[in-house]
Amino acid sequence: MLSLLEKLSAEVGKTFSSLGLPAELGSVRASDRPDLCQFQCNGAMAAAKQAKKNPREIAQSVVEALSGNEIFSKIEIAGPGFINLDVTDEFLSAHLAEGISFPQIGNGETVIVDYGGANIAKSMHVGHLRAAVIGEAVKRSLNAAGYKALGDVHMGDWGTHLGMLIADYVRKGEENLVLNTDPDNPDAVASLMEDMAARYPKASAACKEDEALMKEAQETTVKLQNKEAPYYPIWEKIFATSVRGLKKTYADLNVFFEIWKGEACVHDLIAPMVEEMKQKGFTEESDGALIVPLAEDSDKKEMPPLILYKRDGGVMYGTTDLATLVDRMTENKPSKVIYVVDQRQSLHFEQVFRAAYKTGIVPDNVELTHAGFGTMNGTDGKPFKTRAGGVMKLEDLIAMAVDKATQRLIDAHLAEDMNANEKAEVARKVAVAAIKFADLQNARQADYVFDLDRLTSFEGKTGPYLLYQAVRIKSLLRKAKEQGIHVPEESNIIIEDESRELALLLTELPEMFALSIKTYAPHHLCEYVYRLASSFSSFYGNCPILPEKDETLRQSRLALAHMTLAQIEQVLDLLAIDIPDRM
RNA sequence: GCGCCUGUAGCUCAACUGGAUAGAGUAUCUGACUACGGAUCAGAAGGUUGGGGGUUCGAAUCCUCCCAGGCGCGCCA
């Protein structure tokens with residue numbers, strides 16, 4: 001099914017071809033000047049540049065050839081050679097009646113989206129928010145586009161930080177705190193998570209001050225990695241418990257992973273992988289470490305090698321990342337792997353990708369992408385810290401927003417007939433929508449300022465605004481049903497002056513979706529769904545729906561409302577934002 | 001030192017990858033008909049896109065030089 005812009009581009013493209021010009025130049029886009037026209041084609045100017053002709057002359061011949069085409073109600077030339085177009089209301093209406101759907105870009109290929117990075121035994125903080133919400137949206141979008149996308153949490157579960165923590169338990173004789181925890185008991189999980197979250201920073205600080213403790217932690221790490229008792233059994237319990245804890249926090253944000261693997265589970269793949277790389281001659285010894293040189297003559301900048309084994313025989317996270325790719329290529333056979341990870345890791349991923357291609361771990365036709373995101377800064381422009389100097393826990397942030405949403409429900413007398421469960425659920429949905437939308441609407445690559453007030457704001461361009469518009473349409477449709485008014489799913493929508501803008505906007509979904517897929521940038525979806533909700537709200541404000549006496553018009557307006565709701569629901573589902581029935 | 005990123009309205013952010021008069025939200029000011037939910041709607045004001053030079057019909061966007069900030073550069077992850 002073609003989108004509206006594809007249909008128009010095909011039409012104008014044909015005309016370009018008939019004049020001996022490249023059809024691609026007939027590409028039509030939504031107008032930048034809605035006051036002048038609905039759509040524009042800029043190809044005449046590009047054609048003029050190529051052919052060294054006058055752009056207005058080319059535009060003139062295109063316009064002449066196009067005139068008489070009955071889908072356009074206006075065709076004119078403006079400025080240096082813009083071709084401005086309006087479509088007829090009949091054409092727009094017929095197009096809407098076909099239904100609007102997501103373009104199918106994929107063909108069932110497996111794609112892995114790596115967007116977790118949470119560490120076990122540590123509580124999640126606001127720094128994990130961006131990866132989680134962007135990654136989930138990217139994954140859901142890829143699925144909607146026809147790929148089989150799998151989210152991988154890729155936990156940090158095998159490093160020195162666990163050595164420090166486990167050594168601390170053992171030294172204090174408190175390992176039973178861990179060993180006696182039942183991972184199936186949520187209270188026990190919460191209590192151990194809390195203990196570890198408090199214990200780790202102290203243990204880590206102690207190691208930094210005391211060399212003997214650090215040495216002990218490093219030895220513990222080695223013993224752990226050799227799966228020795230009691231270290232490994234303690235680790236297993238920490239792992240099982242942490243997974244429950246992390247799943248809960250991620251679930252609070254509507255984030256779900258298909259693959260719950262970490263660094264530990266590829267540990268056994270490392271030795272054979274390195275052995276093979278050695279035999280194929282990809283490795284070198286350097287200062288006692290085993291490395292893969294990655295520099296190439298064409299490099300403009302310095303490209304450090306990837307270290308497989310450190311001088312002391314330990315592995316680095318580059319090694320683990322390569323082993324993870326080995327695992328993925330054998331287990332999942334993806335056609336793409338997308339890493340939604342902090343932009344600061346870009347050099348690291350460049351190294352890993354080079355090493356993976358060079359050594360043949362990943363064949364050239366598999367695409368490896370680092371979809372990096374910007375750093376989260378405080379309002380002072382520096383990397384975000386709370387007043388206490390630490391980083392705010394994700395759970396605390398959510399709790400604050402939920403409190404505020406609950407208060408709002410009470411203040412506005414909206415919750416009076418809700419039971420406690422419903423009230424809590426609505427408040428949670430509002431809070432999560434606020435946090436996620438505030439984060440997601442920022443361009444992926446740019447740094448952004450962590451502003452608590454903005455993340456928990458419910459008015460203006462926010463998640464709750466979108467929920468509100470959706471809820472209001474739901475309420476409208478409920479009322480219609482109560483009054484015995486039939487709501488047609490796909491009826492003829494009559495284009496009116498008050499609804500034309502909304503109708504045109506509804507046709508843009510495929511392009512906005514494709515753009516957000518192509519660039520792994522969900523903020524385009526945010527922008528679109530906000531414009532849509534806002535346009536509906538404006539329509540709703542100056543055009544009565546249920547009170548309308550003319551039945552045909554009422555049906556048409558209801559159908560438009562229904563279609564708008566459907567799109568808001570679809571897009572918010574991609575962004576993993578839930579809509580309540582009431583709020 | 002080398003490399004990457006950022007600089008847009010008081011504040012927080014967009015701008016469909018080179019298009020026309022750079023758009024939103026917020027804060028400020030003004031207004032909204034007992035019509036369907038005021039977490040709303042309509043309007044006003046707010047800009048030399050950090051600065052200079054260049055490329056061209058056309059630049060926030062591309063090139064170049066400055067200025068300011070952030071980040072990364074072999075044994076942490």
Side-chain angles (χ1 to χ4, degrees), chain A residues 29-33 35-36 40 42 45-46 48-49 54-56 78-82 84 117 119 156 158-161 263 286-291 300-307 309-312 314-318 320-321 342-348 350-351 372 374-375 377 379 381-383 405 408-409 412 414 430 434 438 441-443 445-449 451 453-454 457-462 464-465 467-469 471-472 475-476 479-480 483 508 511-512 514-516 518-519 523-524 526-528 530-531 534 537-538 540-548 557 561 582-583:
Chain A
R29 49 188 285 173
S31 165
D32 276 335
R33 290 288 302 273
D35 53 321
L36 299 180
Q40 63 185 34
N42 304 337
M45 291 176 292
K49 193 172 254 179
N54 182 340
R56 282 193 70 103
F82 295 104
N84 287 353
N119 292 312
W158 207 230
T160 318
H161 80 278
E263 299 175 320
S286 171
D287 290 337
L290 187 69
I291 63 164
K300 296 229 161 170
K301 62 179 175 187
E302 209 180 319
M303 178 56 67
L306 187 137
I307 297 178
Y309 283 123
K310 299 185 286 184
R311 246 193 311 267
D312 69 3
V315 297
M316 304 263 295
Y317 76 139
T320 325
D321 280 355
D342 193 321
Q343 193 71 56
R344 287 176 290 188
Q345 304 283 337
S346 60
L347 180 59
H348 165 72
E350 215 179 326
Q351 291 178 279
T375 321
N377 292 328
T379 35
K382 294 183 188 147
R408 182 58 179 266
L409 280 173
L414 287 165
V430 169
Q441 67 175 298
N442 297 297
Q445 310 84 311
D447 288 358
Y448 94 136
V449 174
D451 181 350
D453 290 337
R454 182 167 174 239
S457 166
F458 302 155
E459 273 145 41
K461 191 174 184 177
T462 64
Y465 173 89
L467 300 189
Y468 176 76
Q469 301 302 345
V471 162
R472 206 160 58 165
S475 161
L476 183 72
K479 283 219 167 74
Q483 294 174 22
E508 286 187 34
E511 273 74 27
M512 291 299 120
L515 180 65
S516 91
K518 191 174 136 200
T519 53
H523 80 279
H524 289 114
C526 294
E527 193 66 29
Y528 174 72
Y530 175 75
R531 278 201 294 146
S534 171
S537 193
S538 180
Y540 179 91
N542 53 37
C543 205
I545 298 174
L546 290 181
E548 174 58 45
R557 291 174 190 169
R582 304 188 295 164
M583 64 186 274

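Fair warning: this is a prediction, and the values are worked out from it, not measured in the lab. Here is how names work: the chains are called A, B, and so on, in the same order as the sequence lines, proteins then strands, and each is numbered from 1. Only this structure's heavy atoms are used, side chains among them; waters, hydrogens and symmetry mates stay out.
- Closest contact between the side chain of A:L515 and the listed nucleotides B:G3, B:C75, B:C16 involves B:C16.
- Residue A:D453 places no side-chain atom within donor-acceptor reach of the base of B:A27, judged by atom type and a 3.5 Å distance cut-off alone.
- A:H161 comes within contact range of no nucleotide atom at all, as no heavy-atom separation falls under 4.0 Å.
- The closest side-chain heavy-atom distance from A:Q441 to A:E527 is not below 4.5 Å.
- The number of heavy-atom neighbours closer than 6.0 Å to CD of A:E302, taken from other residues, nucleotides and ligands shown, is 12 or below.
- Remark: A:S537 is in phosphate contact with B:C41, judged by side-chain N or O atoms under 4.0 Å from OP1 or OP2.
- We find that CD of A:E302 is positioned 14 Å from C1' of B:C4, with the value rounded to whole Å.
- OP1 or OP2 of B:A14 has not a single side-chain nitrogen or oxygen of A:H524 nearer than 4.0 Å.
- Ring centroid separation for the pair A:Y465 and A:Y530 comes in under the 6.0 Å cut-off.
- Using a 4.0 Å heavy-atom cutoff across all strands shown, A:T160 reaches no nucleic acid atom at all.
- Using a 4.0 Å heavy-atom distance criterion, A:R454 is classed as a sugar-phosphate-only contact.
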Pairs under 3.5 Å (N/O, protein and nucleotides 35-39 of chain B):
from, atom 1, to, atom 2, distance (Å)
B:C36, O2, A:I545, N, 3.4
B:C36, O2, A:L546, N, 2.8
B:C36, N3, A:I545, N, 3.0
B:C36, N4, A:Y540, O, 2.5
B:C36, N4, A:C543, O, 3.0
B:G37, OP2, A:K479, NZ, 2.7
B:G37, O2', A:Y468, OH, 2.4
B:G37, N7, A:S475, OG, 3.3
B:G37, N1, A:M583, O, 2.8
B:G37, N2, A:M583, O, 2.7
B:A39, O4', A:R408, NH2, 2.5

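- In a base pair of the Watson-Crick type (N1 to N3 plus N6-O4 or O6-N4) or a G-U wobble (N1-O2 and O6-N3), with each distance short of 3.5 Å, B:C57 is matched with B:G19.
- Pairing for B:A68 goes to B:U6, judged as Watson-Crick or G-U wobble with the two contacts each under 3.5 Å.
- Within the nucleic acid shown, A:L36 comes within 4.0 Å of at least one base atom, counting heavy atoms only.
- Counting only N and O atoms by type, the side chains of A:R472 and A:S537 include a donor and acceptor under 3.5 Å apart.
- Across all strands shown, the partner of B:A42 is B:U30, judged by Watson-Crick or G-U wobble contacts whose two distances both fall under 3.5 Å.
- The residue among A:I291 and A:E511 whose nearest nucleotide of RNA chain B lies closer to the 5′ end is A:E511.
- In the interface, the side chain of A:Q40 is paired with the base of B:A20 through a donor and an acceptor atom under 3.5 Å apart.
- Atom P of B:A59 sits at a distance of 15 Å from the matching atom of B:G52, rounded to the whole Å.
- When distances are taken from the side chain of A:S538 to each of B:A20, B:C75, B:A42, the shortest belongs to B:A42.
- Nucleotides B:G3 and B:A60 are separated by 28 Å at their P atoms, to the nearest Å.
- You'll find the side chain of A:R582 stays beyond 4.5 Å of the side chain of A:S475, heavy atoms only.
- Taking 3.5 Å as the limit, the base of B:C16 and the side chain of A:D32 contain a donor-acceptor pair of atoms between them.
- A distance-only check finds a donor-acceptor pair linking the side chain of A:R56 to the backbone of A:G79 [under 3.5 Å].
- Under the Watson-Crick and G-U wobble criteria, each requiring two contacts below 3.5 Å, nucleotide B:C76 is left unpaired.
- Out of B:A20, B:G74, B:U56, the shortest distance to the side chain of A:K49 is found at B:U56.
- Both A:A46 and A:T462 lie close to RNA chain B; mapped to their nearest nucleotides by heavy-atom distance, the more 5′-ward contact belongs to A:A46.
- Using a 4.0 Å heavy-atom cutoff across all strands shown, A:D35 reaches at least one base atom of the nucleic acid.
- Between the P atoms of B:A32 and B:G46, the separation comes to 24 Å (whole Å).
- One P atom belongs to B:A14, the other to B:C76, and the distance between them is 36 Å to the nearest Å.
- Between A:R531 and A:E508 a salt bridge is recorded (basic side-chain N to carboxylate O distance below 4.0 Å).
- Following rounding to the nearest Å, A:D287 (CG) and B:G74 (C1') show an atom-to-atom distance of 8 Å.
- Using P as the reference atom, B:G72 and B:C11 are 26 Å apart when rounded to the nearest Å.
- The pair A:K518-A:E511 does not meet the salt-bridge criterion, since no charged nitrogen lies less than 4.0 angstrom from a carboxylate oxygen.
- For B:A24, the paired nucleotide is B:U12, the pair qualifying as Watson-Crick or G-U wobble because both relevant distances are below 3.5 Å.
- Across all strands, A:K310 comes closer than 4.0 Å to base atoms (heavy-atom distances).
- Among the heavy atoms of the strands lying under 4.0 Å from A:E527 are primed sugar atoms or P, OP1, OP2 only; no base atom is included.
- Nucleic acid contact class of A:T519 (heavy atoms, under 4.0 Å, all strands): base.
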Verdict with reasoning, A:Q345 to A:Y317, per side-chain hydrogen bond (donor to acceptor under 3.5 Å, both in side chains): CA-CA 12 Å; A:Q345 304 283 337; A:Y317 76 139; 3.0 Å; yes

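- For B:G19, one of the phosphate oxygens OP1 or OP2 lies less than 4.0 angstrom from a side-chain nitrogen or oxygen of A:R29.
- In this entry the distance linking CE of A:M316 with P of B:A77 reads 6 Å, nearest Å.
- Residue A:E508 is out of contact with every strand shown, counting any heavy-atom pair closer than 4.0 Å.
- Rounded to whole Å, atom C1' of B:G70 lies 16 Å from atom OH of A:Y448.
- In terms of modelled atom types and a separation under 3.5 Å, the side chain of A:S538 and the main chain of A:S534 share no donor-acceptor contact.
- The CG atom of A:N84 sits 11 Å away from the C1' atom of B:G19 (whole-angstrom rounding).
- One atom, CG of A:N442, and another, P of B:G25, lie 16 Å apart when rounded to the nearest Å.
- As rounded to the nearest Å, B:A42 and B:C4 have P atoms that lie 45 Å from one another.
- Side chain of A:D447 to backbone of A:T375: a donor-acceptor contact under 3.5 angstrom is found.
- Base orientation of B:U28: anti, since the glycosidic angle falls outside 90° of 0.
- Spacing of C1' atoms, B:U26 relative to B:G69, comes out at 24 Å, to the nearest Å.
- When rounded to the nearest whole Å, the span between CD of A:Q445 and P of B:U6 equals 8 Å.
- No contact: A:P55 has no heavy atom under 4.0 Å from any strand.
- When the P atom is used for both B:C33 and B:A22, the distance is 34 Å, rounded to whole Å.
- In the set B:G72, B:C41, B:G19, B:G19 carries the atom at the smallest distance from any side-chain atom of A:P80.
- For the pair A:Q441 CD and B:C11 P, the computed distance is 18 Å after rounding to whole Å.
- A:Q351 places a side-chain N or O within donor-acceptor distance of the main-chain N or O of A:P304, the cut-off being under 3.5 Å.
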